[in-house]
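A quick write-up on the structure given underneath.
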Amino acid sequence: MRENTSSAHKINSKYMSLRPIYDVRTKKDAQGNVLKDEDGKPIKEWFVAEFDKLETVRYGLQRRINLSKAAHLAGNGFWITHENKNHQSGETLNSWKDSAGLDTAWQELVQSCFLTGDGAIYLYMYGGSLHYQVFSYLKGDVLFPDYDQDHNPVIYRLYTLRGKRAVDIYACDYIETWIEGDKESEKDQAWWVRFGGWFAKGLQWNSEVRSEDGWRRISHTQSQTPKGMNQCTYWRIDDIPSGVCEQEVCSLERAASFVADGVKSTSQAILFLKAANVESLPENDKTGKKIGVKGTVDELAASDAKFLAPPDLSSIANVDLNNKHDSILKSSMGVNITADVFRSGDPSTASMKLLFTDAIIWCKNIFPQFYPQLKCFVEVFKQLTDKVTESKGEIATMRTSCGVDFWIPQNDSEVLKRELDQVSARVKSRQAAMSDIGNNHTEDYEQIRKEWEEELRMKAEIPAKAKAEVEAEYGEPTEI
């Protein structure tokens, strides 16, 4: 979290943002008595009289890198494909995926992993539909993955509820909520009664189930999935994307701060005086400090004053800062594309992929850390969809595959033309092409078919009807 928040970077610490100003004072003991040396003279010591604030520079590069990576990996959501001939069940599954908003849940989960290192999605049925909750340290949740005695996954979620610490236990067979402290007051109980949600029916207001350390169980419900399957799916990655370049970003902030402080200290030209006696005159306006010289006529004639030009470090500083920027970009495998690149280049999808090669390579290498748990999440989704649609196992037992298509900017008109060409060449179905261009409305294909049939019928019916009316009025045409 400190890495992603620029105001919490090391450059803001007092050791880097303040310069101590030292002065001399008489040294004293703990009782306030002046300490003296062997000759009876007071001992002097240096001390920090005050601090001079330095110009510091901080960057939000870590957050930018992490959110950019999350957009590339999860910007297009995830896909589920049925691997058998039961197309209707596959379309139903994807329709429920859209209505439940699971692509948004996936995007939020990946953001949590890239900003904090882990996250979880809890999928459940409520009110005849599917809902989800994303648990993340960004929301104040602390997650602890574990296993039970049968080596089934168990997730513990620690959070704050009504000002007290609470723990949700997501096991394969049950879900429990425990709260720290004694029994709730009448006011708290009234609030609990009004509280709705996934565990509302399982709350036990007068539960006497307590742990040895004073926690009280207020909810115990059975899992909505088959035995051995956990409704809460947990993800964890090795490190956040910006972790590999954390030291480079700190170095960049120190270098930029050094340059900024140098600009501050050299913004006013240094006045070099050559004189026997120099005095500061009282200020009489806002134009700056007045300096005067006293002495004899000869001393005044020999006096001189010159402004010293500040050193020009711009070229050296720019080379150093650019090198650090380049190091951060390469080590994080980031992409920095400006509008000038597309003005002078080819805006085709192939060219864009070449520009985003590093981003694609990075996504391909990080996705294996997400894939195993994504498969588990899809299985939970299939079980709950089968249950809510009363499909009697058709969806739950359907063989499926899942994955993600990385989000890369592309030329939409070019993609559409490519899909249409594949349909015309009979190498891809219309339904597959519709899905690939982002149209996941299953009813659209039937509507398009009806409109096409209506158009062909009108093209044939209108001329035939007009011909019949002409023949009825004037008779059949005869050859002359």
Problem set entry | Step-by-step side-chain contact (heavy atoms from CB on, under 4.5 Å) determination, Y124 to Q133 | CA-CA 9 Å; Y124 62 96; Q133 282 184 307; 4.2 Å; yes

For this session: Search all heavy atoms of A70 against all heavy atoms of Q111 and return the closest pair with its distance.
Result: CB-CG, 3.9 Å

Seminar exercise, completed: In this structure, CZ of R64 is separated from CG of L61 (nearest 0.5 Å) by 8.0 Å

Problem set entry | Student check: side-chain heavy atoms of P145 and P153 closer than 4.5 Å | no

Problem set entry | Heavy-atom donor-acceptor pair, T5 side chain to S7 backbone, under 3.5 Å | no

For this session: For residues I328 and I65, determine if any side-chain heavy atom of one lies less than 4.5 Å from a side-chain heavy atom of the other.
Result: yes

Seminar exercise, completed: Looking only at heavy atoms, the pair that brings H220 and Q222 closest together is NE2-NE2, 3.6 Å

Exercise. Going by heavy atoms in the side chains, are R157 and V142 under 4.5 Å from each other?
Worked result: no

For this session: Would you indicate whether K139, at its atom NZ, is surrounded by more than 12 heavy atoms from other residues, nucleotides or ligands within a distance under 6.0 Å?
Result: yes

For this session: Would you give the length of the straight line joining atom CH2 of W178 to atom CH2 of W215, rounded to the nearest 0.5 angstrom?
Result: 10.5 Å

Problem set entry | Distance (rounded to the nearest 0.5 Å) between S332 OG and D358 CG | 9.0 Å

Problem set entry | Cationic N near anionic O, under 4.0 Å, D103 to K97 | yes

Problem set entry | Qualifying residues under side-chain contact (heavy atoms from CB on, under 4.5 Å), relative to S327, sequence neighbours excluded | E248

For this session: Starting from the C-alpha separation in whole Å, work towards a yes-or-no answer on side-chain contact (heavy atoms from CB on, under 4.5 Å) for L115 and L67.
Result: CA-CA 8 Å; L115 291 174; L67 292 180; 4.1 Å; yes

Exercise. Got a salt bridge between R217 and E176, using NZ or NE/NH1/NH2 to carboxylate O under 4.0 Å?
Worked result: yes

Exercise. Would you find more than 12 non-hydrogen atoms of other residues, nucleotides or ligands less than 6.0 Å from Y137 atom OH?
Worked result: no

Ignoring hydrogens and angles, write down the donor-acceptor pairs under 3.5 Å from the side chains of residues 368-381, residues two or more places apart or on other chains.
from	atom 1	to	atom 2	distance (Å)
Q369	OE1	D238	N	3.1
Q369	NE2	D238	OD2	3.3
Q373	NE2	Y234	O	2.9
E379	OE2	K382	NZ	3.2

For this session: For D168 and Y156, indicate whether the former's side chain and the latter's backbone hold a donor-acceptor pair under 3.5 Å.
Result: no

Problem set entry | For V134 against A105, the heavy-atom pair lying closest together | CG2-O, 4.0 Å

For this session: Step by step, work out the side-chain contact (heavy atoms from CB on, under 4.5 Å) result for I179 and K164.
Result: CA-CA 7 Å; I179 192 167; K164 297 182 179 181; 4.1 Å; yes

Exercise. How far apart are the closest heavy atoms of G128 and V388, and which atoms are they?
Worked result: O-CG2, 3.4 Å

Exercise. Using a distance-only test with no angle check, is there a side-chain donor-acceptor pair under 3.5 angstrom linking N4 and N66?
Worked result: yes

For this session: Please say whether more than 12 non-hydrogen atoms of neighbouring residues, nucleotides or ligands are located less than 6.0 Å from OH in Y147.
Result: no

Exercise. Quick one: which of I395, T389, L123 gives a side-chain contact (heavy atoms from CB on, under 4.5 Å) with L384?
Worked result: L123

Problem set entry | Value rounded to 0.5 Å, distance of OG1 in T385 from CG in N94 | 10.0 Å

Exercise. Got T81 and T400 here, is their nearest side-chain heavy-atom distance under 4.5 Å?
Worked result: no

Seminar exercise, completed: Value for CD1 (I361) from CD1 (I366), rounded to nearest 0.5 Å, stands at 14.0 Å

Exercise. For C172, does its backbone N or O pair with a side-chain atom of N152 as donor and acceptor, under 3.5 Å?
Worked result: no

For this session: Could you tell me whether a side-chain N or O of S112 sits under 3.5 Å from a main-chain N or O of E108, the two making a donor and an acceptor?
Result: no

Exercise. Relative to the ring of Y122, is the ring of Y170 parallel (under 30°), tilted (30 to 60°) or perpendicular (over 60°)?
Worked result: tilted

Problem set entry | Residue pair E83 / S401, side-chain donor-acceptor N/O under 3.5 Å | yes

Problem set entry | CD (E390) with more than 12 external heavy atoms under 6.0 Å | no

Problem set entry | Option from F114, F356, F367, F406 for which ring-ring contact (aromatic ring centres under 6.0 Å, His included) with W362 holds | F114

Exercise. How far apart are the closest heavy atoms of K392 and D386, and which atoms are they?
Worked result: N-OD1, 3.8 Å

Exercise. About how many Å separate NE2 of H131 and CE of M125, when rounded to the nearest 0.5 Å?
Worked result: 10.5 Å

For this session: State, with a plain yes or no, whether a side-chain heavy atom of M333 is found less than 4.5 Å away from one of K69.
Result: yes

Exercise. Looking at side-chain heavy atoms only, is the closest gap between I237 and D118 below 4.5 Å?
Worked result: no

Problem set entry | Any S242 side-chain heavy atom under 4.5 Å of E3 side chain | yes

Exercise. Which atoms form the tightest heavy-atom contact between W106 and A74, and what is the distance?
Worked result: NE1-CB, 3.4 Å

Problem set entry | Derivation of the side-chain hydrogen bond (donor to acceptor under 3.5 Å, both in side chains) call for Q383 and T225 | CA-CA 6 Å; Q383 294 291 338; T225 51; over 6 Å; no

For this session: Please assess K450 against E454 for the test salt bridge (charged side-chain N to carboxylate O under 4.0 Å, His left out), listing each intermediate value before the final yes or no.
Result: CA-CA 6 Å; K450 291 179 181 179; E454 180 67 16; over 6 Å; no

For this session: Dump the intermediate steps for side-chain contact (heavy atoms from CB on, under 4.5 Å) on V335 and L329, then the final yes or no.
Result: CA-CA 7 Å; V335 178; L329 194 65; 5.9 Å; no

Exercise. Do I80 and F78 have side-chain heavy atoms sitting under 4.5 Å apart?
Worked result: yes

Problem set entry | ring-ring contact (aromatic ring centres under 6.0 Å, His included) partners of W407, counting only residues at least two apart | H72

